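Here the structure is a predicted model, which is why all the values come from computation and not from measurement. Basis for what follows: all heavy atoms, side chains included, without hydrogens, waters or symmetry-related copies.
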2 protein chains.
Amino acid sequence: MALTIGELGKATDTKVETIRYYERIGLLPKPPRTGGNYRAYGAAELGRLSFIRRARDLGFPLDQVRALLSLSDDRGRDCATVDALARDHLSEVERKIADLTALRRELSALIESCCGGTVADCRIIEALAPHTNG
Amino acid sequence: MALTIGELGKATDTKVETIRYYERIGLLPKPPRTGGNYRAYGAAELGRLSFIRRARDLGFPLDQVRALLSLSDDRGRDCATVDALARDHLSEVERKIADLTALRRELSALIESCCGGTVADCRIIEALAPHTNG
DNA sequence: CCTTGACCCTGTAGTTGCTACAGGGTGCAT
DNA sequence: ATGCACCCTGTAGCAACTACAGGGTCAAGG
């Protein structure tokens, strides 16, 4: 079983350029090549790339994906480190949700205040530039 | 009243490099220079930069900030365009909140399932790589 | 007068995570 | 032999800054 880069891409829903990018930054190993210098992937690479994509879908940044990968290779190790990584990431996500929720409230209030006149008395513009424009 | 770039930065809580960057991309006008080739800012630039920073704090991307700025200069115009921009941005924010909330649920479930053994039977790693690692 | 230090200048490269070329080579079908 | 889909390398672009390197300016203190 040997996959071309395009086949690997289809199997993992990843663009070819992204796979080459992962190889360039050392997230994927350099695979063997065919006579025509094409990359030839096997099951191991398919598994590794699937792992990467799942972690990315869960929003882990690439350096955390890298850490998770090396942890997953070290199967005898205490999984507390993995747990800590996931918890860190969860709290990042929660922080972002809180920020965006505050933002939503502010934006809603801004939009509510718009009563449809001209820009000269637009509350949105006014709220953005409270000390100037006059 | 003339401000150096550093004073303008302090007044608007903006790094000096960021101000120069805004000038480079045409968001701020090129200000007059002193004899020693220092930028000399006045009240207009202070107002404009305050506007930009507020819009950025509300999460508007720079191209929308640019649009808002040009709308705010056109004071006789119907403010429906401003309203539409703000509504677009609000729905973007809402979409992000929804995405992150789904993510939070998935991550929490993942973390819940961790029972503190070794990586070999870690549910987090398992969830990331369901078809491989064995 | 000279030095020290804080500030300013330009220009360029780095960040994150890809994406999109340009300019070529390979492999298979017709 | 010719077309087409795919592959190769290398580089530049996106957002929105940030961080230098390598210099110039200015006010204060000795």
message: Let me check the geometry of the helix from C:dC1-D:dG30 to C:dT30-D:dA1. What is the bend angle between the axes at its two ends, five pairs each, to 10°?
response: 30°

- line: Winner on side-chain proximity to B:Arg56, out of D:dA16, C:dC8, C:dC18, is D:dA16

- prompt: Under 3.5 Å, is there a donor-acceptor pair linking the side chains of A:Tyr41 and A:Arg48?
  reply: no

message: If you count every heavy atom of other residues, nucleotides or ligands that lies below 6.0 Å from A:Asp63 atom CG, does the total exceed 12?
response: yes

Nearest-Å distance for atom pair CZ/P, residues A:Phe60 and C:dT16: 17 Å

message: Treating A:Glu45 as the side-chain partner and A:Gly42 as the backbone partner, does any N or O pair qualify as donor plus acceptor under 3.5 Å?
response: yes

message: Categorize B:Tyr22 for me: base, sugar-phosphate, or nothing, with a 4.0 angstrom heavy-atom threshold over every strand shown.
response: sugar-phosphate

query: Just checking A:Ile5: base, sugar-phosphate only, or nothing, at a heavy-atom cut-off of under 4.0 Å?
result: sugar-phosphate

- request: Without swapping roles, check the side chain of B:Arg123 against the backbone of B:Glu112 for a donor-acceptor pair under 3.5 Å.
  value: no

query: Roughly, in whole Å, what's the span from CZ in B:Arg39 to P in D:dG24?
result: 17 Å

Value in whole Å for how far the C1' atom of D:dC14 lies from NZ of A:Lys15: 13 Å

Write out a two-atom table: protein N or O, nucleotide N or O from nucleotides 26-30 of chain C, distance below 3.5 Å.
{"residue": "C:dT26", "atom": "O4'", "partner": "A:Tyr38", "partner atom": "OH", "Å": "3.3"}
{"residue": "C:dT26", "atom": "O2", "partner": "A:Tyr38", "partner atom": "OH", "Å": "3.3"}

task: Please answer: with hydrophobic residues joined when any side-chain heavy atoms are less than 4.5 Å apart, are B:Leu107 and B:Leu128 in the same cluster?
output: yes

task: Check whether any side-chain N or O of B:Glu7 sits under 3.5 Å from a backbone N or O of B:Thr4 as a donor-acceptor pair, and report yes or no.
output: yes

query: What is the nucleic acid contact for A:Arg20, judged by heavy atoms within less than 4.0 Å: base, sugar-phosphate only, or nothing?
result: base

message: If I take atom CD in residue B:Glu17 and atom P in nucleotide C:dT12, what distance separates them, rounded to the nearest angstrom?
response: 16 Å

- request: Output yes when a side-chain donor or acceptor of A:His89 lies under 3.5 Å from a complementary backbone atom of A:Leu58, and no otherwise.
  value: yes

Carboxylate-amine/guanidinium contact A:Asp99 A:Arg95, below 4.0 Å: yes

- request: Round to a whole Å and report the spacing from CG of B:Asp63 to P of D:dG13.
  value: 19 Å

query: Counting distance only, does the side-chain N/O of B:Glu106 pair as donor-acceptor with the main-chain N or O of B:Leu103 below 3.5 Å?
result: no

Those residues that, when tested against B:Tyr21, pass ring pair (Phe, Tyr, Trp, His ring centres under 6.0 Å) (two or more places apart): none

task: Compare side-chain N and O positions of B:Arg33 against OP1 and OP2 of C:dT10 and report whether any pair is under 4.0 Å apart.
output: yes

task: Return the value, rounded to whole Å, for the distance between atom CD of B:Glu23 and atom P of C:dT10.
output: 7 Å

message: Is the phosphate of D:dA16 approached by B:Thr18 (side-chain N or O, under 4.0 Å from OP1 or OP2)?
response: no

query: Rounded to the nearest Å, what distance is computed from the CD1 atom of residue A:Ile19 to the C1' atom of nucleotide D:dC7?
result: 12 Å

task: Return no unless some side-chain N or O of A:Arg24 is found under 4.0 Å from OP1 or OP2 of C:dG17.
output: no

- prompt: Taking OH from A:Tyr21 and P from C:dA20, how many angstroms apart are they, rounded to a whole number?
  reply: 15 Å

